[in-house]
There are 2 protein chains.
Amino acid sequence: MTDGQHLERRMDWFRQRCKRAGLACTHQRQVIYRVLAASESHPSPESVYERVRMEIPSISVATIYKSIRTFMDQGLLQQVNPLHEAARLDANLEPHHHLVCTACKSVEDLPAELIEAPRPVRPLPNGFRAREFHIEVLGLCARCAGKG
Amino acid sequence: MTDGQHLERRMDWFRQRCKRAGLACTHQRQVIYRVLAASESHPSPESVYERVRMEIPSISVATIYKSIRTFMDQGLLQQVNPLHEAARLDANLEPHHHLVCTACKSVEDLPAELIEAPRPVRPLPNGFRAREFHIEVLGLCARCAGKG
DNA sequence: GTAGTTGCAAAAGCTTTGCGCAGTA
DNA sequence: TACTGCGCAAAGCTTTTGCAACTAC
């Protein structure tokens with residue numbers, strides 16, 4: 001299957017999901033989703049905006065942001081950086097990982113000894129040179145688990 | 001050793017590091033660093049600002065941000081979320097991790113099969129309920145490694 | 001004394017919101 | 001036709017910058 005065929009399959013699937021969710025399958029949303037699905041570079045909203053503008057010059061930034069939010073609510077899209085709203089500082093200089101509560105956005109430290117160090121099965125792709133493995137455990141802290 | 005003693009040790013160490021780096025050891029910087037070192041909650045700059053203001057009501061937000069940047073440049077401080085400037089979107093719905101280049105901030109996908117799944121050595125602390133393990137491999141992409 | 005630091009205010013990103021018009025179902 | 005979604009502009013956050021006054025060394 002070529003990349004183009006694969007992309008069109010995803011677009012079909014996208015249109016089905018829209019229908020199922022009661023979302024209007026507008027030209028804008030389709031172009032935005034196609035840009036996202038075709039991109040391998042984890043673009044920022046700004047970058048999506050630029051690419052979509054090549055096809056729909058009159059598109060507005062607000063539409064990009066609104067669509068992104070809608071797609072995330074539908075589970076069609078994720079963020080690489082769930083804690084991107086503001087910087088979160090960490091003065092702990094010992095090796096450690098993080099327990100991130102997806103409900104209240106709290107972050108706890110997890111000392112590195114408490115979890116097995118991840119090891120690549122084979123060398124990393126594209127000659128990537130690893131310096132540090134950082135594990136984010138996404139889940140619910142005791143407080144939020146109790147509420148839910 | 002009590003927490004208070006531990007904190008004072010860190011403050012001594014901080015003052016040494018400042019001296020060694022040629023940084024003025026101002027009252028503001030000491031209070032800001034103490035707040036950071038004493039905090040376990042990975043505070044945002046805003047939150048640091050509020051706590052520092054209890055001790056130095058005339059402190060300005062700009063000073064907080066400048067100090068944070070200085071501390072990070074010195075390796076005294078890290079960010080939990082290195083990619084927090086703008087949202088980075090991810091339409092890949094297969095299980096995968098991320099290769100994050102710390103130089104150019106590019107992100108590549110790493111299929112989950114290519115790395116051993118991390119396993120906690122014992123149950124996670126504080127009753128944290130894990131839903132997903134997400135590995136960020138920090139390092140240099142081939143392009144940036146070539147430049148350096 | 002000099003260089004580096006602070007506080008203020010203004011500005012620069014990123015993201016959200018309100019509203020009237022337009023396109024979808 | 002009813003209603004959802006779009007584009008525009010304004011506003012809200014977070015973070016940075018320029019500059020004059022001040023402080024550590």
Side-chain angles (χ1 to χ4, degrees), chain A residues 11 14-33 35-36 42-53 55-74 76-89 105, chain B residues 11 14-33 35-36 42-53 55-74 76-89 105:
Chain A
M11 291 310 299
F14 170 75
R15 285 182 278 263
Q16 279 174 29
R17 286 288 298 254
C18 283
K19 185 164 286 181
R20 185 142 59 90
L23 290 173
C25 195
T26 64
H27 183 219
Q28 286 89 336
R29 282 185 179 153
Q30 291 186 61
V31 174
I32 294 170
Y33 191 76
V35 162
L36 285 163
H42 303 81
S44 64
E46 180 65 22
S47 157
V48 173
Y49 175 51
E50 282 167 21
R51 294 184 220 180
V52 172
R53 215 162 25 154
E55 238 174 292
I56 313 176
S58 61
I59 193 94
S60 90
V61 212
T63 301
I64 302 288
Y65 277 99
K66 284 171 189 164
S67 303
I68 287 171
R69 181 154 288 258
T70 305
F71 296 166
M72 289 199 300
D73 291 347
Q74 294 298 326
L76 299 170
L77 193 61
Q78 292 180 305
Q79 285 187 173
V80 174
N81 47 355
L83 297 171
H84 83 96
E85 301 85 12
R88 296 294 294 268
L89 306 167
K105 311 259 171 170
Chain B
M11 290 310 299
F14 170 75
R15 285 182 278 262
Q16 280 173 29
R17 286 287 298 253
C18 283
K19 184 164 286 181
R20 184 141 60 91
L23 291 172
C25 195
T26 64
H27 182 218
Q28 286 90 335
R29 281 185 179 154
Q30 291 186 61
V31 173
I32 293 169
Y33 191 77
V35 162
L36 285 163
H42 303 80
S44 64
E46 180 66 23
S47 156
V48 172
Y49 175 52
E50 281 167 22
R51 295 186 219 179
V52 171
R53 216 163 23 154
E55 238 174 293
I56 313 177
S58 62
I59 194 93
S60 90
V61 211
T63 301
I64 303 287
Y65 277 98
K66 284 170 189 165
S67 303
I68 287 171
R69 181 153 286 260
T70 305
F71 295 166
M72 289 199 301
D73 291 346
Q74 295 299 324
L76 299 169
L77 193 61
Q78 291 180 304
Q79 286 187 177
V80 174
N81 46 355
L83 297 171
H84 83 95
E85 302 85 11
R88 295 295 293 269
L89 306 167
K105 311 260 172 169

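Every chain is numbered from 1, with letters handed out A, B, ... down the list of sequences.
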message: Quick one: does any side-chain atom of A:Arg17 pair with a main-chain N or O of A:Gln74 as donor and acceptor, under 3.5 Å?
response: yes

message: Checking contacts here: which listed nucleotide (D:dT16, C:dG7, D:dG5) is nearest the side-chain heavy atoms of B:Gln28?
response: C:dG7

message: Minimum heavy-atom separation for B:Ile64 and B:Pro45, please, with both atom names.
response: CG2-O, 3.8 Å

message: Looking at every heavy atom in both B:Ala24 and B:Arg29, which two are closest together, and how far apart are they?
response: O-NH1, 2.9 Å

- request: Would you mind reading off the bend of the helix from C:dG1-D:dC25 to C:dA25-D:dT1 from its two end axes, five pairs each, to 10 degrees?
  value: 40°

message: It should be established whether A:Thr26 places a side-chain nitrogen or oxygen under 4.0 Å from OP1 or OP2 of nucleotide D:dC6.
response: yes

message: Please determine whether any donor N or O and acceptor N or O are separated by less than 3.5 Å between the side chain of A:Lys66 and the base of D:dG7.
response: yes

- prompt: Between C:dT24 atom P and A:Lys19 atom NZ, what is the distance in whole Å?
  reply: 14 Å

- request: Measure from CD on A:Gln79 to C1' on C:dC14 and round the result to the nearest Å.
  value: 12 Å

- line: When every non-hydrogen atom of A:Ile59 is compared with those of A:Gln28, the smallest separation belongs to CD1-CG, 3.4 Å

message: Return the CG to CG distance between B:Leu76 and A:Leu89, rounded to the nearest 0.5 Å.
response: 12.5 Å

message: Just the rounded figure in Å: distance from C1' of C:dA12 to CD of A:Glu46.
response: 13 Å

field: Side-chain donor/acceptor of A:Arg88 to backbone N/O of B:His42, under 3.5 Å
entry: yes

- prompt: How do A:Ala24 and A:Ala86 order along DNA chain D: which one's closest nucleotide is nearer the 5' end?
  reply: A:Ala24

- prompt: Between B:Glu50 (CD) and D:dC13 (P), how many Å, whole number?
  reply: 13 Å

message: Of the options C:dT16, D:dG5, C:dT6, whose atoms approach the side-chain atoms of B:Arg29 most closely?
response: C:dT6

message: I'd like to know if the side chain of B:Arg15 and the backbone of B:Cys25 have a donor-acceptor N/O pair within less than 3.5 Å.
response: no

query: Which nucleotide in the list D:dT16, C:dT15, C:dA25 gets nearest to the side chain of A:Cys25?
result: C:dA25

message: Tell me whether B:Arg69 forms a cation-pi arrangement with B:Tyr65, defined as NZ or CZ under 6.0 Å from the six-membered ring centre and within 45 degrees of its axis.
response: no

statement: B:Leu83 atom CG is separated from C:dG13 atom C1', nearest whole Å, by 17 Å

task: Could you check whether the rings of B:Phe14 and B:Phe71 sit parallel, tilted or perpendicular, using 30° and 60° as the cut-offs?
output: perpendicular

Side-chain N or O of B:Tyr65 closer than 4.0 Å to phosphate OP1/OP2 of D:dT16: no

message: Measure NE2/B:His27 against P/C:dT6 and give the value in whole Å, please.
response: 12 Å

message: Nearest to the B:Arg69 side chain among D:dC6, C:dT16, D:dT16, which nucleotide is it?
response: D:dT16

query: Which ones in residues 55-63 of chain B lie close to DNA chain C, meaning a heavy atom under 4.0 Å from one of its atoms?
result: B:Ser58, B:Ile59, B:Ser60, B:Ala62, B:Thr63

- request: Without swapping roles, check the side chain of B:Asn81 against the backbone of A:Ala86 for a donor-acceptor pair under 3.5 Å.
  value: yes

- request: Rounded to the nearest angstrom, tell me the gap between atom NE2 in B:His84 and atom C1' in D:dC13.
  value: 13 Å

- request: Take the protein atom CD of B:Gln30 and the nucleotide atom P of D:dA24, then report the distance between them rounded to whole Å.
  value: 10 Å

